[in-house]
Undergrad: 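The structure's right below; bear with me while I get my questions together.
As the structure is a computational prediction, the values presented were derived from the model and not from experiment. Indexing begins at 1, ligand by ligand and atom by atom, following the structure's order. Position 1 is the first residue of the sequence, and the numbers go up from there.
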Amino acid sequence: MDRSKLYRRFRTLLIANRGEIACRVIRSARALGLRTVAVYSEADRDAMHVALADEAVLLGPARARDSYLNIERVIAAAKQTGAEAAHPGYGFLSENAEFAEACLAAGLVFVGPTAEMMTAMGSKSGSKALMERAGVPLVPGYHGEAQDEATLAEAANRIGFPVLVKASAGGGGRGMRVVNSAGELSAAITSAKREAKAAFGDDRMLIEKYVQNPRHIEVQIIGDSHGHLLSLWERECTLQRRHQKVIEEAPSPTLNATQRDTVCEAARKAAGAVNYVGAGTIEFVSDGKDVFFIEMNTRLQVEHPVTELITGVDLVEWQLRVAFGEALPLKQDEIRLNGHAIEARVYAENPQKNFMPSVGRIKTWRTPPEGDGLRIDAGYRSGDAVSPYYDAMLAKVIAWAPTREGAIEKLNRGLEGTDVRGIVTNIPFLSALVTHQNVRDNAIDTGFIERELKNLTAETGAARELELCAAVAAIVNAERAAARSEANSPWQTFGWQPVGRRQRVFSFRQGHEAPHTITLHYGRGPLTLSVGGRDIPFAISSADGAGFDLTLDGVKTRVASVIEGHELYLRTRNGRFDLHWVDPFGGESEEQVGEDKIVAPLPGTVVALLAEEGATLEKGAAILTLEVMKMEQTLRAPYAGVLKKLKCKVGDIVGEGVELAEVEPVAAS
Ligand code: ADP
């Protein structure tokens, strides 16, 4: 194939993606003087990437397969706007060879490798066969064509447990199960196949030896159409949850210089085996000593910014230059490795509720200023909606410093300064994770998060005196501000009531705990608070939109506060605190927590029924599996009982809060 047909100069780029990566690609494209075209679904009419691009085309309904995954519509959008090239970002069509073909057929430059390279490397099985021939070290395993259960079981026995069952077409940790013994194999294969079929339309499985205490090491590579291929050092992404990366850093703090050279060389060999063109990543798993090839991703990765920060290379710019048909601007020995970079993925999810995705409207989106080693790649702004249709990643906070310790500190400060309201995010979890002593000491493996989950997701410490006082002060401060223009407001004369002392009782709840009560004394004399039998004089000063100085017992401290209805979000020197103000005059009754009902926690699809009507269930017995935002979730019996009724069937698309089953409790005998 004549490569000049594939790669040539263009002026208008369509970005076949959404969210932060679409925004990030638009930035570099614009810096190169390109005109940018966004595509969007009905759920994303007001999305940030649509606002950023020069033009935008509606693809179709919210469901990805009707919009972002619909090749025909994406190509039509390019034709309609005169786009001459398409950048696929990551996810969606980024590793879809059919899309790369369709671009070529439509006369568009595909910013990425050729369809042939993608096909060769795209399947985990195919790429392994290729790597075996190229002499790249592999994890012992089975990656053959035969998929019958007997063959897979025989392979697993030969490899020896524990094994990892993996979807050949897999990505994002989906369709993957660790199997510890022969007895668990069949069930694991069935469920992994189901997940893979739904996610990738392909349920072929491979089996690998499960490397114990593994670390994830990967190498960024990029090739041009003139036969040059470079590696841009490695990243380590060992901090994962359910095989999905949470924190990534570069360089790896685990490898020494010799190991670094070895892995980078293996990566170049791997990519060289297909004369790779474009940006890609060779992934390895390491037992701390040796590294084994696991797969290649033929696209830009989520975590590419950490490589950019240590090398000073703009990878999207290089991708575009390669797509223009240019030669790579640097040689291998000119690729710098400077300092340390670390990235955290900010998700709309609730770590306290098993990382359930959180959908809704973002009321506040506030991030600290970028620069001085802090970078924020966001795809959302205040007022944007987070819909249940797509991946729940909102943004990435990335930090650089000369040392790893410095980068960790900077990342943590960046996370602490990021305020997102209206939906639940994993930011406090990320903060707890990056500052964990084991992470600081690099004493981790890919199972670390799972083992430490309790500590990492612990609710912030119980609200103490300081937080309760800060909550009252925040309300007083807000009411004063609101009343400033109102004549005759009692707050205008606050503290000067001629009738003597008055009091007001406040009650706050943290999570589902019993409410705390605190009394404010005002009127004649200084403001005081009574909490836990103690009277504390207090004062508020230097109030602005973000908070105030609170003086308690003569000690002044800064409090950041936001009040939304009855929700108070506070940050004190002890960390973040969310408190609910139980307003006695608000007509509020204690909410009914529907934990006894089997209801859909979010909109989703019923993918399996695991118990039959009439069955006797132990507490915690599995009843059904729901797929919510591409992740399977099993709903369980809240108590021992009888499954009285199943109110759904496999394939049902159910809305949030819909009752799916009825369990009748049995009295313990
Ligand atoms: P995906 O494409 O779904 O991300 P990968 O094959 O890249 O799947 O694996 C995801 C993660 O699972 C890796 O980062 C690694 O931590 C872990 N993993 C993969 N293969 C093995 C293995 N054989 N042994 C131990 N851990 C593994």
Undergrad: For ligand 1, find out whether one of its N or O atoms is nearer than 3.5 Å to an N or O atom of Tyr210.
TA: no
Undergrad: In the protein, which heavy atom is nearest to atom 3 (O) of ligand 1, and how far is it?
TA: Gly173 N, 2.6 Å
Undergrad: Is it true that Lys128 and Glu295 make a salt bridge, defined as a side-chain N closer than 4.0 Å to a carboxylate O?
TA: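 Looking at Glu295 together with Lys128, the answer is no, because their closest N to O distance does not fall below 4.0 Å.
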Undergrad: Looking at atom 13 (C) of ligand 1, what's its closest protein heavy atom, distance included?
TA: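 Nearest neighbour among protein heavy atoms for atom 13 (C) of ligand 1, to 0.1 Å: His216 ND1, 3.4 Å.
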Undergrad: Can you classify the ring geometry of Tyr68 versus His49 as parallel (below 30°), tilted (30 to 60°) or perpendicular (above 60°)?
TA: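 Ring orientation of Tyr68 relative to His49: tilted.
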Undergrad: Could Asp391 and Arg18 be called an ion pair, given the rule that one side-chain N must be under 4.0 Å from one carboxylate O?
TA: no
Undergrad: Please give me the minimum heavy-atom distance between Glu308 and Arg24, naming the atom from each residue.
TA: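 The pair with the smallest heavy-atom distance is OE2-NH2, 2.9 Å.
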Undergrad: Is there any N or O on Pro214 that sits under 3.5 Å from an N or O of ligand 1?
TA: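 No - when backbone and side-chain N and O of Pro214 are compared with those of ligand 1, no distance drops under 3.5 Å.
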Undergrad: Do the side chains of Arg174 and Glu195 get close enough for a salt bridge, i.e. N-O under 4.0 angstrom?
TA: no
Undergrad: Given Met296, Met176, Glu218, identify the one with the heavy atom nearest to atom 10 (C) of ligand 1.
TA: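 The residue whose heavy atom sits nearest atom 10 (C) of ligand 1 is Met176.
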Undergrad: To which protein heavy atom is atom 18 (N) of ligand 1 closest, and what is the distance rounded to 0.1 Å?
TA: Leu164 CD2, 3.8 Å
Undergrad: Starting from atom 15 (C) of ligand 1, find the nearest protein heavy-atom neighbour and note its residue, name and distance.
TA: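 Protein heavy atom with the smallest distance to atom 15 (C) of ligand 1: Gln240 OE1, 3.9 Å.
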Undergrad: Does Lys124 come within less than 4.0 angstrom of ligand 1, counting non-hydrogen atoms of the residue?
TA: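 Contact check Lys124 vs ligand 1: positive.
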Undergrad: Can you tell me which residue and heavy atom of the protein come closest to atom 17 (C) of ligand 1, and the distance to 0.1 Å?
TA: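 Here the closest protein heavy atom is His243 ND1, 3.9 Å.
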Undergrad: Looking at atom 6 (O) of ligand 1, what's its closest protein heavy atom, distance included?
TA: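 Checking every protein heavy atom, the shortest distance to atom 6 (O) of ligand 1 gives Lys166 NZ, 2.8 Å.
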Undergrad: List the residues meeting salt bridge (charged side-chain N to carboxylate O under 4.0 Å, His left out) with Glu218, not counting sequence neighbours, and say none if there are none.
TA: Arg235, Lys245
Undergrad: Quick one: do Lys193 and Glu149 make a salt bridge, cutoff under 4.0 Å?
TA: no
Undergrad: Listed by chain and number, what are the side chain to side chain contact (heavy atoms under 4.5 Å, CB included) partners of Ser431, not counting sequence neighbours?
TA: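 If we apply the side chain to side chain contact (heavy atoms under 4.5 Å, CB included) test to Ser431, skipping adjacent residues, the hits are Asn412, Leu415, Glu416.
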Undergrad: Short N/O distance, under 3.5 Å, between Thr446 and ligand 1?
TA: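 For ligand 1, there is no N or O atom that lies under 3.5 Å from one belonging to Thr446.
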Undergrad: Do Arg63 and Tyr389 meet the cation-pi criteria used here (NZ or CZ under 6.0 Å from the six-membered ring centre, within 45° of the axis)?
TA: no
Undergrad: Residue-level breakdown please: for Lys245 versus ligand 1, do any non-hydrogen atoms fall below 4.0 Å on the side chain, on the backbone, on both, or on neither?
TA: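 The answer is neither.
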Undergrad: What part of Lys209, side chain, backbone, both or neither, has a heavy atom within less than 4.0 angstrom of ligand 1?
TA: backbone
Undergrad: Could you tell me which atoms of ligand 1, counted from 1 in the order shown, lie closer than 4.0 angstrom to a heavy atom of Glu208?
TA: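 Those atoms are 20 (N), 21 (C), 22 (C), 23 (N).
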Undergrad: Under 6.0 Å between ring centres, would you say that holds for Phe284 and His216?
TA: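 Here the rings of His216 and Phe284 have centres that are no less than 6.0 Å from each other.
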Undergrad: Please work out whether any backbone atom (N, CA, C, O) or any side-chain heavy atom from C-beta onward of Val211 is under 4.0 Å from ligand 1, and answer side chain, backbone, both or neither.
TA: both
